[in-house]
Amino acid sequence: MSKFPMDSGQPVWQVPISDRDSTVHMTAKCHCFINGQSLCGRYQQDTDYYETDVSEDEVSARPSVACKRCHAVWKKKYGSSK
């Protein structure tokens, strides 16, 4: 997946970063961010700053790595279930 700028309106799959110490929790699921807001509404993140991207192909192949809510909205909105 190519990297889209945060304000592009394109979906970017990333692992959310903890606000406390800028780390990723070891059980964190990937979330789909558009313009810095996750589709599930639980996270906001500068997707240009953090390099924690996950490819759409990996999310399609292994949906268990993704947030269920983000995955459902992404599939419905973008029709991506390769």
| note | The single option from His71, Lys68, Lys75 that satisfies side-chain contact (heavy atoms from CB on, under 4.5 Å) with Pro63 is His71
| query | side chain to side chain contact (heavy atoms under 4.5 Å, CB included) with Val15: which residues, sequence neighbours excluded? | reply | Val24, Ala28, Cys30, Thr52, Val54
| Minimal non-hydrogen separation, Pro16 against Gln45, with atom names | CA-OE1, 3.2 Å
| said: Test of understanding: with side-chain hydrogen bond (donor to acceptor under 3.5 Å, both in side chains), list the residues that count as partners of Arg42, not counting sequence neighbours. | reply: none
| query | Which atom pair, heavy atoms only, marks the closest approach of Val59 to Ala66? | reply | CG1-CB, 4.0 Å
| task | Write down the atom of Gln14, the atom of Thr47, and the distance for their closest heavy-atom approach. | result | NE2-O, 3.2 Å
| task | Apply salt bridge (charged side-chain N to carboxylate O under 4.0 Å, His left out) to Arg69 and list each qualifying residue two or more places apart in sequence or on a separate chain. | result | none
| task | Classify the ring geometry between Trp13 and Trp74 as parallel (under 30°), tilted (30 to 60°) or perpendicular (over 60°). | result | perpendicular
| If you look at every heavy atom in Cys67 and Lys29, which pair is closest and at what distance? | N-CB, 3.7 Å
| task | Please check if Tyr43 and Leu39 belong to a single hydrophobic cluster, counting links between Ile, Leu, Val, Met, Phe, Trp and Tyr side chain heavy atoms closer than 4.5 Å. | result | no
| field | Where Cys40 and Cys70 come nearest, the two heavy atoms and their spacing | value | N-SG, 3.4 Å
| request: Please report the closest heavy-atom contact between Phe33 and Ser38, naming both atoms and the distance. | output: CD2-N, 3.6 Å
